[in-house]
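Here the structure is laid out as structure tokens; the discussion comes afterwards.
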Amino acid sequence: MAWHKKPKTNLTKLRLLRTFVQFVMFILMNLTFFLIGATWLVLPVNMPRSIFSSSEGAFFLLQRMLSMAIVPLIPLTTFFLFGAILGRFFCAWACPFGLFQDILGYVTSWIRKYEPTQETNLNSRQFGEFITGATLLFSTFIGINVALGEKAAVETAFDVFVEQPWAVLSPSAFLFIAIPLLFWWGGIENFFIWDKFVVIDIIFWFRLFIFVFAFILVIYIPRGWCRWFCPIGIIMGHLGKNSLLGVGRNISKCNHCGLCEDVCPMGVRILSHPAEKVRSPQCTNCLDCIAACPEDAMEIKFL
Amino acid sequence: MKSNAKAFITFSLGIILLAIAISTNQFELIQEIIEEITKSATAGIPIP
């Protein structure tokens with residue numbers, strides 16, 4: 001397993017570099033907090049827009065636009081363009097929720113991690129497929145009602161789920177919006193007086209449950225949320241499976257030691273994929289396999 | 001169909017969607033959404 005084995009020096013350097021890039025991207029995506037300003041930039045990352053954000057995650061904008069009965073051209077553009085060229089690259093190198101999972105995995109590296117079978121990994125993506133499909137269907141349903149002039153009725157019926165249904169339940173929204181806004185409005189001295197700033201109802205407790213579930217999942221399964229539940233990962237996995245950027249294996253150098261599979265944070269069975277290029281919906285182009293390979297058999301492929 | 005061909009088709013679709021988005025001023029809509037979020041957040045509306 002990736003985290004309990006002492007990584008090689010190259011792998012350590014790569015992971016430090018990736019963490020640094022992730023932090024820089026997190027700051028750039030939240031420039032508003034540093035009073036620089038919000039932009040129309042939409043990225044394939046798991047981060048909803050808040051007052052701190054200078055950009056927005058494409059899936060959250062997709063929900064919002066469908067609910068407003070607007071054809072979501074901009075988020076679809078993001079998915080198609082980035083997916084075709086880079087695959088799930090943003091998952092490994094830019095996503096703030098991915099950064100959160102990596103840091104959580106690192107600080108709990110003393111806890112034994114589990115690596116599910118490939119069958120479990122691929123079958124469990126059905127959870128994410130369900131979340132993605134249900135969210136898009138529901139948002140489309142809301143949008144149709146809005147277009148028919150029934151906006152008030154759906155707002156009464158579905159309350160907070162009308163605008164961005166998945167954002168209400170998403171652990172990334174809880175982490176990047178709910179918690180920072182508590183500090184923004186109340187200050188630390190009021191942080192525990194939640195009922196002043198947060199509606200404490202069944203939805204709140206369900207959100208908290210999902211966040212705690214994701215928290216515990218990621219401690220035991222590296223990037224567990226990315227593997228099985230993230231809607232952005234599901235969409236980018238489908239579109240990015242045939243991306244121009246990928247990793248391949250030089251058969252003449254590969255000795256099938258399996259170290260590439262051991263260090264893969266997404267549990268991709270690299271050796272079972274064609275050597276030309278790993279075409280897994282789980283591969284995030286993190287390049288850990290390239291850094292870890294003792295024979296330099298793994299290589300970046302483009303085109 | 002070869003994987004690179006699929007990637008180029010996906011990319012081409014993305015370019016077409018981008019062109020339509022620009023021509024229909026969808027980026028202005030994003031600006032309106034930003035202003036709406038900022039307005040509701042600074043008004044101290046409780047988080048649902």
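Residue numbers start from 1 in every chain, and the chains themselves are labelled A, B, ... in the order their sequence lines are given, proteins ahead of strands.
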Keeping B:Gln26 on the side-chain end and A:Val71 on the backbone end, is there a donor-acceptor pair under 3.5 Å?
yes
Let me confirm one number: the CG-CZ distance from A:Asn242 to B:Phe8, rounded to the nearest 0.5 Å.
12.5 Å
Quick one: what part of A:Glu276 sits under 4.5 Å from any heavy atom of chain B, side chain, backbone, both or neither?
neither
What is the distance from atom CD1 of B:Ile20 to atom CD1 of A:Ile74, rounded to the nearest 0.5 Å?
12.0 Å
Please say whether more than 12 non-hydrogen atoms of neighbouring residues, nucleotides or ligands are located less than 6.0 Å from CZ in B:Phe27.
yes
Note: vs chain B, highest number of non-hydrogen pairs under 4.5 angstrom among A:Phe82, A:Phe79, A:Phe80 is A:Phe80
Atom CZ of residue position A:Phe138 - does it have more than 12 heavy atoms of other residues, nucleotides or ligands inside 6.0 Å?
yes
Residue, of A:Lys277, A:Glu56, A:Lys241, A:Met65, that accumulates the most heavy atom pairs under 4.5 Å with chain B
A:Met65
To check you understand the geometry: which heavy-atom pair defines the closest contact between B:Ala7 and A:Ala84, and what is its length?
O-CB, 3.3 Å
Atom CZ of A:Phe206 with >12 non-hydrogen neighbours under 6.0 angstrom
no
State whether the number of non-hydrogen atoms from other residues, nucleotides or ligands found under 6.0 Å of A:Lys151 atom NZ is greater than 12.
no
Rounded distance [0.5 Å steps], CD in B:Glu32 versus CE in A:Met68
7.5 Å
Looking only at heavy atoms, which two atoms of B:Gly14 and A:Thr77 are closest? And how far apart?
O-CG2, 3.6 Å
Which of B:Leu18, B:Leu13, B:Ile15 touches chain A most, by non-hydrogen pairs under 4.5 Å
B:Leu18
So which part of B:Thr24 gets closer than 4.5 Å to some heavy atom of chain A, the side chain, the backbone, both or neither?
side chain
Side chain / backbone / both / neither for A:Ile85 at chain B, heavy atoms under 4.5 Å
side chain
What part of B:Leu29 lies closer than 4.5 angstrom to a heavy atom of chain A: side chain, backbone, both or neither?
side chain
Region of B:Leu17 that comes under 4.5 Å of a non-hydrogen atom in chain A:
both
Determine whether B:Ile30 and A:Arg49 make a side-chain contact, defined as any pair of heavy atoms from C-beta on separated by less than 4.5 Å.
yes
